[in-house]
Protein chains: 2
Amino acid sequence: MRKVDEKKSASTLTFMTGDASGSLGTRQERKLRTRQALLDAALRLLADGSLASLSLREVTREVGIVPTAFYRHFASMDELGVALAEESMRTLRAMLRDARRKPTDDAISGSVAILVDQVRKHESHFQFLVRERYGGVADVRRAIATELRLLGSELATDLARFPGMAEWDPDDLRMAADLMVAGMLSIVMALLEVGPHPQGLAEVVDVAERQLRLIAIGMVHWHSTPR
Amino acid sequence: MRKVDEKKSASTLTFMTGDASGSLGTRQERKLRTRQALLDAALRLLADGSLASLSLREVTREVGIVPTAFYRHFASMDELGVALAEESMRTLRAMLRDARRKPTDDAISGSVAILVDQVRKHESHFQFLVRERYGGVADVRRAIATELRLLGSELATDLARFPGMAEWDPDDLRMAADLMVAGMLSIVMALLEVGPHPQGLAEVVDVAERQLRLIAIGMVHWHSTPR
DNA sequence: TGGTTCAGTGAACATGCGTACACTGAAAGT
DNA sequence: ACTTTCAGTGTACGCATGTTCACTGAACCA
């Protein structure tokens, strides 16, 4: 077990404001900043270990406030977890919006490129989602599951706009979209595992593109194949 | 936090042996039985909560032995986790062997049926795998990842035996197999979430079969589609 | 038969935890 | 200028945890 002097740990708050003499912003702003500092600290600490094994005291220690102050922002660690889930899903959804905005000539390699880029940029958010998706805290699991289902239907309606997809059964669209989401998530984990290593990355990207392509080909011939 | 009288909890050991007056089997056998009781108890307790938040004392309490006796069997909870991972992967691999042994006329619905059956029969093993695959304990994660990679190559060689797959690039086979494994695992989680509810189960099975079929169709046309 | 091994015991410990409570002092409201 | 609000402080508590150590007694072996 790690042993730390609670008083001496670096204060994220003064670090963030860059002004140790304080007195910045209105009271609401300052509160929001502390709240965000708690979320950021938690996310940072979640690099090793799951939410279930992260203690309230660790988080406040990292931020540089006293344990009891935590309750000014969240009723429990579980609540903080749900907030983290929402924050993470916001970046995931932003990614999808990004992909929708600029359609490239090759939708597949374009999508994968965006995925790689976003995972790199928001590593800890994605890590959190993948780790806690089936993790120990029920509320968080539910929150992620709900958002992920929503994401699935968004992708399904996107798919519907492709040429030749118009007359597809919505249910079939949904199942294809879900398969893609499942594949995407396993790619995300592979990306996180491979780290910044450039050769491994190329390999992962290659596999991802081929997998999506395989699905795409399946979709093209879906209706012309005997059941 | 749950509060329990350590002395009064039901003893799994005497329950399992069915002989409270003891004296069954050689010393080695008895030791192995306790070890297994620890694994079973842990698996049972893991129904709610992840490995990272499961304490040594909880497990021994459930088994009915004193906390310190734990160390006669495992050096730490992490080690128990790795043992659980191995045990769970053994049932997963058994499933694959099962599927290989009896090829049906429709490989897809046959495979899905076997999957459903096995998940039902070894619910906690599958739950453990899915939960801890990206969970908090690094050693366990590694153990599962290794075994899962092995399972991927097994499936790839299985795929190679299908008609028309002979001349496939091994790397392409591997990527298709991995996609299937990813899909399978997300199906497993769906099965666990849906529980015994028969209508939801039918829905999940239906989606699973269509997803596998989609991949299969993609594979059929893989080489005759322009890149 | 007698000595050795060793799975399980039981008491004790230091530590980290969540949370209750009374507090302070600066910002916000009047 | 005053009162009120409230984010953060500091202390203190009871509790569960991992691990230590010396122990017991049945199974084992010679």
Side-chain angles (χ1 to χ4, degrees), chain A residues 1-7 9 11-14 16-17 19-38 41-42 45 49 51-81 137, chain B residues 1-7 9 11-14 16-17 19-38 41-42 45 49 51-81 137:
Chain A
M1 229 118 268
R2 211 158 20 132
K3 160 137 191 203
V4 189
D5 181 356
E6 296 204 355
K7 298 290 179 58
S9 61
S11 160
T12 308
L13 275 178
T14 57
M16 284 188 56
T17 62
D19 181 0
S21 60
S23 173
L24 273 188
T26 140
R27 189 145 75 178
Q28 259 201 36
E29 289 171 338
R30 290 176 67 79
K31 178 169 187 183
L32 263 177
R33 209 155 36 229
T34 310
R35 191 191 131 98
Q36 193 56 49
L38 284 167
L45 292 171
L51 184 70
S53 57
L54 181 61
S55 76
L56 181 154
R57 282 178 116 103
E58 278 182 88
V59 179
T60 56
R61 209 182 293 135
E62 172 90 0
V63 170
I65 61 176
V66 100
T68 47
F70 180 90
Y71 295 108
R72 300 288 177 200
H73 305 277
F74 303 99
S76 64
M77 279 294 291
D78 286 14
E79 204 178 289
L80 180 145
V137 185
Chain B
M1 228 115 272
R2 215 165 11 140
K3 162 140 191 201
V4 190
D5 181 355
E6 297 202 355
K7 297 291 179 57
S9 60
S11 161
T12 308
L13 275 178
T14 58
M16 283 188 56
T17 62
D19 182 358
S21 60
S23 173
L24 271 189
T26 140
R27 189 145 76 181
Q28 256 200 41
E29 285 170 343
R30 289 175 68 79
K31 178 169 187 184
L32 263 178
R33 210 153 37 228
T34 312
R35 191 191 133 99
Q36 193 56 49
L38 284 167
L45 292 170
L51 184 71
S53 57
L54 180 62
S55 76
L56 180 153
R57 282 178 114 103
E58 279 181 88
V59 179
T60 55
R61 210 182 293 134
E62 173 88 1
V63 170
I65 62 176
V66 100
T68 48
F70 180 91
Y71 296 108
R72 301 285 177 204
H73 304 277
F74 303 98
S76 65
M77 279 295 289
D78 286 15
E79 204 177 288
L80 180 146
V137 185

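Letters A, B, ... mirror the listed sequences (proteins, then strands); counts begin at 1.
Separation of atoms CZ (A:R27) and CZ (A:R30) is listed at 11.0 Å; rounding is to 0.5 Å. We find the CD-CG distance between A:E62 and A:L38 to be 10.5 Å, quoted to the nearest 0.5 Å. Atom CZ of residue A:R35 and atom CG of residue A:L80 lie 8.0 Å apart, to the nearest 0.5 angstrom.
Judged as a ring-ring contact (aromatic ring centres under 6.0 Å, His included), the pairs with a partner in residues 53-79 of chain B (not counting sequence neighbours) are, in order, B:F70-B:F74.
Annotation: side chain of A:V66 is not in contact with side chain of A:T60 (no heavy-atom distance under 4.5 Å). When side chains are defined from C-beta on, B:L51 does not count as touching B:D78, because their heavy atoms never get closer than 4.5 Å.
Helical stems of DNA chain C (runs of at least 3 Watson-Crick or G-U pairs, donor-acceptor distances under 3.5 Å) are listed by first residue: C:1-30 with D:1-30.
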Give me the distances for all protein-to-nucleotides 28-30 of chain C N/O pairs that come in under 3.5 Å?
unit_1 : atom_1 : unit_2 : atom_2 : d
C:dA28 : OP1    : A:T26  : OG1    : 2.9
C:dA28 : OP1    : A:R27  : N      : 3.0

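Of the possible donor and acceptor atoms, one in the side chain of A:E29 sits under 3.5 Å from a partner among the backbone N and O of A:T26.
Taking every heavy atom of both residues into account, B:V63 and B:A41 meet most closely at CG2-CB, 3.5 Å.
Regarding B:R33, its CZ atom lies at a distance of 10 Å from the P atom of C:dG8, rounded to whole Å. Remark: P of C:dG8 and CG of B:L38 are 8 Å apart, rounded to the nearest angstrom. Spacing between atom CD of B:E58 and atom C1' of D:dT17 amounts to 10 Å, rounded to whole angstrom units. Whole-Å rounding puts the B:R57 CZ to C:dG8 P distance at 17 Å. As rounded to whole Å, 17 Å separates atom P of D:dA16 from atom CD of B:E62. Atom pair B:E29:CD and D:dC28:C1' shows a separation of 14 Å (rounding to whole Å applied). As rounded to whole Å, 16 Å separates atom C1' of C:dT24 from atom CD1 of A:I65. Straight-line distance from the CD atom of A:E79 to the C1' atom of C:dG18: 15 Å, rounded to whole Å.
For the side chain to side chain donor-acceptor pair (under 3.5 Å) test, residues two or more places apart in sequence or in another chain that qualify with B:S55 are B:E58.
With D:dT17, C:dA7, C:dC17 as the candidates, the nucleotide lying closest to the side chain of B:R61 is D:dT17.
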Worksheet entry | side-chain contact (heavy atoms from CB on, under 4.5 Å) evaluation trace for A:M77 with A:V59 | CA-CA 9 Å; A:M77 279 294 291; A:V59 179; 4.0 Å; yes
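Annotation: proximity of residues 68-77 of chain A to DNA chain C (heavy atom, distance under 4.0 Å) is found for A:T68, A:Y71, numbered in ascending order.
For D:dC28, the OP1/OP2 oxygens have no side-chain nitrogen or oxygen of B:R30 closer than 4.0 Å.
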